[in-house]
2 protein chains.
Amino acid sequence: MAGTSHRAAPEHTHPDGVPVLTALAALADPVRAQLVRELAGSADWSRSCGTFDVPVGKAALSHHFAVLRAAGLVEQRDEGPRRVNRLRRAEFEARFPGLLALVLRDDMRRG
Amino acid sequence: MAGTSHRAAPEHTHPDGVPVLTALAALADPVRAQLVRELAGSADWSRSCGTFDVPVGKAALSHHFAVLRAAGLVEQRDEGPRRVNRLRRAEFEARFPGLLALVLRDDMRRG
DNA sequence: CCGAGTGTTCGACGAAAACCATACAGTGGC
DNA sequence: GCCACTGTATGGTTTTCGTCGAACACTCGG
């Protein structure tokens with residue numbers, strides 16, 4: 001049975017069902033903001049969770065991705081042993097116009 | 001000396017000097033979001049701090065206003081015994097285009 | 001079938017944040 | 001001068017959040 005995954009698929013939330021405060025809280029964290037920025041600079045499904053340059057262990061990293069999923073920011077798919085990611089640009093932009101751009105265009109000021 | 005206030009003027013931060021994550025964190029709180037919404041629906045300098053319908057004591061309320069000031073969202077001025085507020089619509093919009101609209105246009109969903 | 005690689009889950013910990021009650025500092029009316 | 005009113009500052013409690021270490025689950029290659 002090739003192509004069959006026996007791993008539990010990650011739970012995804014569509015941006016349409018996400019409250020604004022949840023979206024803001026998801027982005028108001030330095031680690032998650034960095035994840036989103038790197039993800040925005042990469043092609044869809046090209047980055048697995050372990051390939052991000054953030055100063056946290058894999059347990060915390062896994063938690064952050066869960067938060068991003070719950071906020072409708074990230075979609076994940078299992079590809080062999082790793083879990084590859086995609087930034088939900090269009091859907092998130094439709095729900096929260098301009099929000100993603102604010103985080104991406106930021107001048108990396110202190111904070 | 002009429003017109004002289006002996007009270008320390010509140011410290012204000014212009015939105016231009018505010019990091020994006022600080023702005024997001026300031027708005028990602030239910031109480032503060034409510035303050036901003038009520039403020040947006042009132043004329044400038046028409047509301048003093050005590051006139052907002054939020055379920056917290058005045059100590060916490062004072063703290064929330066300090067956070068909003070530090071995020072460049074609110075300007076305050078002393079008017080007799082009370083401190084009246086103004087939402088910095090234009091300045092904040094110039095620094096974070098679309099962000100205020102997201103909080104104001106929200107459908108008040110749970111969360 | 002085993003072992004390396006990848007990511008999640010669990011429990012615990014510390015730091016940060018929200019909150020309250022109280023005390024304090026101005027303002028203005030009496 | 002006193003007192004009610006408004007908001008700030010302080011100290012301490014509770015809750016939330018980010019983090020880690022360790023254990024577990026799954027995939028794939030030998």
Side-chain angles (χ1 to χ4, degrees), chain A residues 1-12 21-36 39 45-71 74-86 111, chain B residues 1-12 19 21-35 39 45-71 74-86 111:
Chain A
M1 359 175 148
T4 307
S5 175
H6 300 115
R7 182 147 78 197
E11 283 182 18
H12 286 114
L21 295 195
T22 300
L24 295 179
L27 290 170
D29 175 275
V31 174
R32 289 192 291 264
Q34 176 65 19
L35 294 177
V36 168
L39 213 40
W45 313 121
S46 69
R47 306 284 300 271
S48 66
C49 296
T51 68
F52 291 82
D53 188 24
V54 286
V56 293
K58 47 182 196 167
L61 188 58
S62 182
H63 165 68
H64 283 304
F65 272 108
V67 173
L68 290 177
R69 280 200 315 266
V74 164
E75 190 179 1
Q76 295 185 315
R77 180 208 297 173
D78 286 340
E79 211 164 83
R82 48 204 129 107
R83 186 159 282 193
V84 290
N85 302 275
R86 172 182 91 86
Chain B
M1 356 177 144
T4 305
S5 175
H6 301 113
R7 182 145 92 205
E11 285 183 15
H12 286 112
L21 295 196
T22 300
L24 295 179
L27 291 170
D29 176 275
V31 174
R32 289 192 291 264
Q34 177 65 18
L35 294 177
L39 214 39
W45 313 119
S46 69
R47 305 286 299 272
S48 65
C49 296
T51 67
F52 292 83
D53 189 24
V54 287
V56 294
K58 45 180 196 168
L61 187 59
S62 182
H63 168 254
H64 283 302
F65 272 109
V67 173
L68 290 177
R69 280 201 314 266
V74 164
E75 189 178 2
Q76 295 185 316
R77 179 210 297 175
D78 286 340
E79 210 164 82
R82 56 199 134 191
R83 184 160 283 190
V84 290
N85 302 274
R86 173 183 89 87

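Since we're looking at a predicted model, the values are computed, not measured. Sequence lines set the chain letters: A, B, ... in the order given, protein chains first and strands last, and positions in each chain run from 1.
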Q) Do any side-chain nitrogens or oxygens of B/R83 fall under 4.0 Å of OP1 or OP2 in D/dT8? A) yes
**Q.** A/D78 CG to D/dT27 P, straight-line distance once rounded to whole Å
**A.** 8 Å
Q: Starting from the 5' end of DNA chain D, give me the residue, A/P55 or A/P81, whose nearest nucleotide shows up first.
A: A/P55
Q: Would you kindly give the CZ-to-C1' distance between B/R32 and C/dA17, to the nearest whole Å?
A: 9 Å
Q | Sole candidate of A/R69, A/Q76, A/E75 that passes side-chain hydrogen bond (donor to acceptor under 3.5 Å, both in side chains) when paired with A/N85 | A | A/Q76
Q. Is B/H63 close to B/V67 at the side-chain level, that is, under 4.5 Å between some pair of heavy atoms?
A. yes
Q. Quick one: A/R47 CZ to C/dG7 C1', roughly how many Å, whole number?
A. 16 Å
Q) What nucleotide, of D/dG18, C/dC19, D/dA22, holds the atom closest to the side chain of A/H64? A) D/dG18
Q) Taking the side chain of B/V31 as its heavy atoms from C-beta onward, which of D/dC20, C/dC19, D/dT27 lies nearest to it? A) C/dC19
(Q) Using the side-chain heavy atoms of A/H63, tell me which of these nucleotides is nearest: C/dA18, D/dG18, D/dG7. (A) D/dG18
Q. Could you state the CG-P distance from A/N85 to C/dT8, rounded to the nearest angstrom?
A. 9 Å
Q: Select one nucleotide: of C/dG7, C/dC20, C/dG26, the one nearest the side-chain heavy atoms of A/C49.
A: C/dG7
Q) Can you check whether B/F52 reaches B/Q34 side chain to side chain, under 4.5 Å on heavy atoms? A) no
Q. Taking the side chain of A/R7 as its heavy atoms from C-beta onward, which of C/dT22, C/dT9, D/dC26 lies nearest to it?
A. D/dC26
(Q) Expressed as a whole number of angstroms, how long is the span from A/L61:CG to D/dG18:P? (A) 13 Å
Q: Could you pick out which residue, A/A25 or A/A59, lies toward the 5' side of DNA chain D when each is mapped onto its nearest nucleotide?
A: A/A25
(Q) For a quick test of reading the model: is some side-chain N or O of A/S48 closer than 4.0 Å to OP1 or OP2 of C/dG7? (A) yes
Q: Report the distance from atom CG of A/L21 to atom P of D/dT16, rounded to the nearest whole Å.
A: 16 Å
Q. What is the distance, rounded to the nearest whole Å, between atom NZ of B/K58 and atom P of C/dA21?
A. 11 Å
**Q.** Gap between atoms CZ and P, on A/R82 and D/dT27 respectively (whole Å)
**A.** 14 Å
Q) What nucleotide, of C/dT9, C/dC20, D/dG18, holds the atom closest to the side chain of A/D29? A) D/dG18
Q: Taking the side chain as every heavy atom from C-beta outward, state whether A/R86 and A/R77 have any atom pair closer than 4.5 Å.
A: no
Q | Side chains of A/C49 and A/K58 in contact at under 4.5 Å (non-hydrogen atoms) | A | no
